[in-house]
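Data first, discussion second: the structure below is written as structure tokens.
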Number of protein chains: 2
Amino acid sequence: MGTSLHDHIKRYVKLTTDEQEILTAHLSEQSIKKKTHLLKEGEICRANYFVVKGCLRAYFINEKGGEQTCQFAIENWWITDYMSFDTQTPSHFFIQAVENTEIVILTKKMQDDLLKKIPALERYFRLLIQRTYAASQLRIKYLFSQSGEERYHHFNESFPEFVQRVPQYMLASYLGFSPEFLSKIRAGKT
Amino acid sequence: MGTSLHDHIKRYVKLTTDEQEILTAHLSEQSIKKKTHLLKEGEICRANYFVVKGCLRAYFINEKGGEQTCQFAIENWWITDYMSFDTQTPSHFFIQAVENTEIVILTKKMQDDLLKKIPALERYFRLLIQRTYAASQLRIKYLFSQSGEERYHHFNESFPEFVQRVPQYMLASYLGFSPEFLSKIRAGKT
DNA sequence: CGCGACGTTGATTTGCCTCAACGATTGTGG
DNA sequence: CCACAATCGTTGAGGCAAATCAACGTCGCG
């Protein structure tokens with residue numbers, strides 16, 4: 001159970017066998033059907049989700065009623081609304097399965113408990129979020145410095161396999177433009 | 001020395017007197033003149049900076065040669081390029097003093113050492129970055145959902161005192177538009 | 001098989017940028 | 001302490017990247 005998560009943790013910190021057992025006892029696994037919501041706007045985010053297989057996304061609804069995707073999580077990524085998770089206040093976001101997805105669930109309560117028992121995991125999560133935040137800093141740089149078309153090509157070169165996996169309208173909003181515009185970029189060249 | 005940092009840490013974790021001394025021994029303080037650079041593009045980011053008094057910013061130069069401000073740090077905020085700091089690779093960013101600024105410096109080496117000696121600080125930095133990343137998630141939401149004018153008004157309401165503190169051209173680029181446009185927004189109403 | 005979700009294409013509109021010229025303010029050296 | 005330059009902010013004209021709107025093609029699924 002949860003072996004892919006155990007492998008992931010091993011890349012950052014070493015756990016004793018005891019600790020691994022404690023860890024496992026704090027986790028639960030679940031299979032989620034495509035389009036299922038793990039979190040909805042206004043709800044309090046109760047867990048951090050690790051993707052074993054499949055794909056999740058975070059999005060919100062803008063004033064015109066359109067979905068704006070903010071973040072994707074594929075295999076070996078965690079996803080949550082940290083603001084809501086941390087402060088246990090209502091979320092601004094939806095979290096939804098893009099595909100049928102297998103996840104590991106770490107609830108707030110379990111995480112708090114786990115981090116008290118296994119200090120090494122403080123380090124794991126620190127390194128993890130630091131890496132995630134670094135990626136976010138770079139993403140903001142690209143949002144500010146590249147045109148829509150440049151962002152698409154850049155993303156396409158960086159994650160060619162991933163572009164195939166998600167509907168174009170999700171990708172378009174993630175990259176910060178309309179689905180029609182993405183369609184026109186792709187018509188320009190393959 | 002570094003008392004404002006000690007106070008800040010106290011809000012998140014408790015340290016013993018011994019630990020506080022170890023901490024102090026790993027830090028250095030410095031006064032930085034306005035416009036001084038702590039990091040330049042292409043350099044490896046060697047430290048994490050805590051602002052005691054004053055203001056720092058991170059920016060990069062876009063293809064047209066203009067400065068694009070990505071982040072500000074005022075009193076009680078840390079700032080660094082986590083990507084470069086973490087992996088010790090060349091940075092994409094500049095870090096510069098907006099005002100004359102007093103900082104506490106925690107070098108990469110000192111941080112590594114410190115976190116080995118004081119596990120509680122792993123927790124401090126985890127909570128800190130988690131909070132920072134949460135703010136970044138929200139910022140991306142606003143970048144995607146609000147017009148330039150809306151972002152300005154929203155920012156102005158959220159941080160009225162701060163808007164007075166930085167040149168408009170820095171604020172404009174932070175909010176994602178040109179200084180001329182900001183000028184026109186302000187002409188619309190006070 | 002029919003319906004709804006997704007993608008395409010073209011016409012039109014718009015938010016914001018670019019460029020340029022001109023005030024205001026700051027700070028620095030003579 | 002003043003003069004002058006550099007920096008910063010303002011204003012207006014014109015332009016462009018991308019949004020919006022609308023209509024139509026297509027595919028997958030119940």
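Here is how names work: the chains are called A, B, and so on, in the same order as the sequence lines, proteins then strands, and each is numbered from 1.
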Exercise. To the nearest angstrom, how far is A/Leu175 atom CG from D/dA17 atom P?
Worked result: 18 Å

Exercise. What is the distance, rounded to the nearest whole Å, between atom OH of B/Tyr169 and atom P of D/dT10?
Worked result: 14 Å

Seminar exercise, completed: In short, the helix from C/dC1-D/dG30 to C/dG30-D/dC1 is bent end to end, axes from five pairs each side, to 10°, by 40°

For this session: Validate the cation-pi geometry between A/Arg131 and A/Trp77: distance from NZ or CZ to the six-membered ring centre under 6.0 Å, angle to the ring axis within 45°.
Result: yes

Exercise. Which residue pairs pass the side-chain hydrogen bond (donor to acceptor under 3.5 Å, both in side chains) test when at least one of the two sits in residues 32-44 of chain B, sequence neighbours left out?
Worked result: B/His37-B/Tyr59

For this session: State, with a plain yes or no, whether a side-chain heavy atom of B/Ser136 is found less than 4.5 Å away from one of A/Gln137.
Result: no

Problem set entry | Interatomic distance where CG belongs to A/Asn62 and P belongs to D/dA19 [whole Å] | 12 Å

Exercise. Closer than 4.0 Å, any side-chain N/O of B/Lys64 to the OP1 or OP2 of C/dT18?
Worked result: yes

Exercise. Do the non-hydrogen side-chain atoms of A/Ile185 and A/Glu149 ever get within less than 4.5 Å of each other?
Worked result: yes

Exercise. Are B/Phe72 and B/Met170 close enough that some pair of their side-chain heavy atoms sits under 4.5 Å apart?
Worked result: yes

Problem set entry | Side-chain touch B/Ile61/B/Glu67, heavy atoms, less than 4.5 angstrom | yes

Problem set entry | Side chain proximity check, A/Lys141 to B/Phe93, heavy atoms < 4.5 angstrom | yes

For this session: Return the value, rounded to whole Å, for the distance between atom CG of A/Leu182 and atom C1' of D/dT20.
Result: 16 Å

Which atoms of nucleotides 10-16 of chain C (N or O only) lie under 3.5 Å from a protein N or O atom, and what are those distances?
unit_1: C/dG10; atom_1: N7; unit_2: A/Lys184; atom_2: NZ; d: 3.3
unit_1: C/dG10; atom_1: O6; unit_2: A/Lys184; atom_2: NZ; d: 3.3
unit_1: C/dA11; atom_1: N6; unit_2: A/Lys184; atom_2: NZ; d: 3.3
unit_1: C/dC16; atom_1: OP1; unit_2: B/Gly148; atom_2: N; d: 2.7

Exercise. To the nearest Å, how far apart are A/Lys34 NZ and C/dC6 C1'?
Worked result: 11 Å

For this session: Give, for atom CZ of A/Phe162 and atom CD of A/Gln164, the distance between the pair rounded to the nearest 0.5 Å.
Result: 11.0 Å

For this session: Using whole Å, report how far CD of A/Gln168 lies from P of C/dT9.
Result: 11 Å

Problem set entry | Atom pair distance, as rounded to whole Å: CD in A/Gln68 and C1' in D/dA19 | 13 Å

Exercise. Within this structure, what is the NZ-to-P distance between B/Lys33 and C/dT28, rounded to whole angstrom?
Worked result: 10 Å

For this session: Determine the sole option in B/Leu56, B/Asn48, B/Leu106 for which the side-chain contact (heavy atoms from CB on, under 4.5 Å) test with B/Thr80 is passed.
Result: B/Asn48

